[in-house]
There are 2 protein chains.
Amino acid sequence: MPGQPRNSRTSEESRNSRIQRQVMQLIIDRRLQAGALLPTEAELMDGLGVSRNSVREALKALQALDIVEIRHGYGTYVGQASLTPLIDGLTFRTLARHGHDDSGALAEILQVREVLEEGLIRRVAATVTEGELDRLEVVVSRMEVAGRAGRPFPDLDREFHELLYASLGNDLVPQLLAAFWTVFRRVNGARGRSEDPSPSLTARWHRDIVTALRARDVEGAQRAMTVHFHGIARRAAG
Amino acid sequence: MPGQPRNSRTSEESRNSRIQRQVMQLIIDRRLQAGALLPTEAELMDGLGVSRNSVREALKALQALDIVEIRHGYGTYVGQASLTPLIDGLTFRTLARHGHDDSGALAEILQVREVLEEGLIRRVAATVTEGELDRLEVVVSRMEVAGRAGRPFPDLDREFHELLYASLGNDLVPQLLAAFWTVFRRVNGARGRSEDPSPSLTARWHRDIVTALRARDVEGAQRAMTVHFHGIARRAAG
DNA sequence: ACATATTTGTTCGTATGTATC
DNA sequence: CGATACATACGAACAAATATG
């Protein structure tokens with residue numbers, strides 16, 4: 001039976017996480033932006049007074065968080081700090097926790113997406129420009145073409161929702177939604193569920209959203225979004 | 001000038017990420033739950049046909065994602081797959097991208113929280129039980145005590161919002177909100193901003209939320225939540 | 001096209017710290 | 001207390017990828 005970790009001396013941080021912290025601090029202190037070149041492993045060894053293996057283990061951990069990006073034979077760069085770790089974590093968590101037959105975890109993700117998008121669509125209705133609506137309509141038209149042919153259109157779906165929230169000027173929003181979207185799709189795919197049983201119906205949901213936005217009908221837009229999500233949920237539950 | 005990575009042979013996965021994937025697959029395939037003991041490094045070496053260092057680097061990466069948990073001298077366990085990586089990533093991203101003086105990144109996080117909680121509170125109003133309301137009221141009372149003494153109460157605040165969404169039965173929701181909350185607090189703290197300039201006001205916002213919920217006043221609850229967030233935003237902008 | 005320097009990737013050996021029995 | 005099993009850490013060497021001349 002494992003007890004709590006010993007930790008004899010007080011506030012002793014593990015070597016590895018200390019190095020991770022130091023590298024992050026180095027990036028912040030030197031104002032390094034994404035894509036900037038980091039010190040080499042050898043320089044970090046000297047600067048931090050640890051072995052190469054320790055440096056490498058810390059860098060691997062930071063790479064998993066997309067805080068650094070390592071290129072074989074060239075160097076280590078400051079990473080994008082994207083939400084990739086969230087995608088990986090949520091995907092794993094969903095597959096590992098509920099085995100291979102439960103859909104409860106997917107429903108949780110879907111509920112978060114639904115709440116977010118229902119709230120966001122109201123704000124979008126106030127800020128979206130005619131130009132953005134035109135671009136959205138182009139995407140919807142392509143959805144309808146695919147839908148009539150019975151072809152699913154995951155990329156168009158993703159593009160639609162990304163375009164939709166561009167006018168908010170909040171970079172976190174589209175990344176977060178894209179993360180949830182990706183997890184949903186990955187887990188659904190890993191369970192062998194069909195991609196989109198009725199593309200034409202999905203296309204119409206999106207058409208309804210644009211129509212309501214064009215009319216600056218806040219309530220209607222939110223209602224259309226709700227319908228959209230209830231449609232997804234019904235499929236996922238089956 | 002660095003170009004794009006070579007990647008001569010198509011679909012070549014790096015060794016390290018392959019090992020990571022294999023370990024995750026092992027957990028899923030064996031139906032290992034959080035806290036379960038994983039094979040030792042030596043066993044993984046044999047099983048995957050790679051050296052100890054490669055195994056260790058992969059495990060460190062998985063540890064950063066909270067997919068495994070490594071205990072010195074004892075063994076490696078399946079992790080909680082919490083949202084810790086999201087917290088770390090968002091904190092770093094906020095501090096690194098906007099330097100030390102901008103509050104735009106904090107505003108983005110706050111907007112996501114606001115949209116989420118405004119949407120969630122409406123659902124809570126329909127599902128929350130009297131017992132849960134009682135517990136919420138206890139927390140609020142303690143807030144008011146602290147508020148009258150001028151003491152900030154970050155832990156009570158966190159507990160309130162966690163309790164609030166418990167009735168939804170969606171485990172992801174409180175974890176996600178807690179993650180945003182932690183990032184906000186950490187970044188705000190790293191910038192030397194005062195914790196909560198007027199605790200008594202904060203306490204009243206929470207009181208108003210409970211009062212509206214008790215009356216099953218959906219609109220009022222959402223309005224109270226909006227007021228709460230606008231208050232936070234006003235402070236963060238200063 | 002070739003050689004070379006630089007940088008990361010991988011492996012091995014060894015020693016040390018930590019928990020269990 | 002010792003014995004055992006395990007993770008942690010360091011150092012050295014070679015392999016592979018990349019850039020430069």
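Computed from heavy atoms alone, side chains included, the values below leave out hydrogens, waters and symmetry copies. Chain letters run A, B, ... following the sequence lines, proteins first, then strands; residues in each count from 1.
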Using residues 59-67 of chain A as the side-chain source, report each donor-acceptor pair under 3.5 Å to any protein atom, sequence neighbours left out, with the distance given to one decimal.
| unit_1 | atom_1 | unit_2 | atom_2 | d |
| --- | --- | --- | --- | --- |
| A:Asp66 | OD2 | A:Ser82 | N | 3.1 |
| A:Asp66 | OD2 | A:Ser82 | OG | 2.6 |

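Within the structure, salt bridge (charged side-chain N to carboxylate O under 4.0 Å, His left out) pairs that include any residue of residues 154-165 of chain B comprise B:Arg142-B:Glu159 (at least two apart or interchain). Residue pairs meeting the salt bridge (charged side-chain N to carboxylate O under 4.0 Å, His left out) criterion with at least one member in residues 172-185 of chain B, sequence neighbours excluded: B:Arg185-B:Glu195. Counting only residues at least two apart or on different chains, no salt bridge (charged side-chain N to carboxylate O under 4.0 Å, His left out) pair has a member in residues 166-180 of chain B. Applying the salt bridge (charged side-chain N to carboxylate O under 4.0 Å, His left out) test to pairs two or more places apart or on separate chains, those with a residue in residues 73-96 of chain B are B:Asp88-B:Arg186.
The nearest whole Å value for the distance from the CG atom in B:Asn53 to the P atom in D:dG11 is 13 Å. Going from atom CD1 of A:Ile19 over to atom P of D:dT8 covers 13 Å, rounded to whole Å. One can place CZ of A:Arg71 at 12 Å from P of C:dG9, the figure rounded to the nearest angstrom. Summarising the geometry, the separation between NE2 on B:His72 and P on C:dT18 is reported as 6 Å, rounded to the nearest angstrom. We find that CE of A:Met45 is positioned 13 Å from C1' of C:dT8, with the value rounded to whole Å. When rounded to the nearest whole Å, the span between CD of A:Glu57 and C1' of D:dA7 equals 10 Å. Rounded to an integer number of Å, the gap from A:Leu44 CG to C:dT7 C1' is 12 Å. Rounding to whole angstrom units, CG of residue A:Asn16 and P of C:dT18 are separated by 16 Å.
Below 30°, between 30° and 60°, or above 60°: for B:Tyr165 and B:His161 the angle between ring planes is between 30° and 60°, a tilted geometry.
Residues B:Val50 and A:Leu59 each lie close to DNA chain C; by heavy-atom proximity, the contact nearer the 5' end of the strand is made by A:Leu59.
At least one side-chain nitrogen or oxygen of A:Thr76 sits closer than 4.0 Å to the OP1 or OP2 atom of C:dT8. Listed pair B:Ser54 / C:dG9 fails the phosphate criterion, with no side-chain N or O lying under 4.0 Å from OP1 or OP2.
For residues 36-43 of chain A, proximity to DNA chain D is found at no residue, defined as any non-hydrogen atom under 4.0 angstrom from a strand atom.
Using a 3.5 Å distance cut-off with no hydrogens or angles, the side chains of A:Asn53 and A:Glu57 do not pair a donor with an acceptor.
Looking at the side chain of B:Tyr74, the nearest of the listed nucleotides D:dT8, C:dG9, C:dT20 is C:dT20. Side-chain atoms of B:Arg52 lie closest to D:dT8 of the nucleotides C:dG9, C:dC12, D:dT8.
When both pairing distances are held under 3.5 Å, C:dA1 makes no Watson-Crick or G-U pair with any nucleotide shown.
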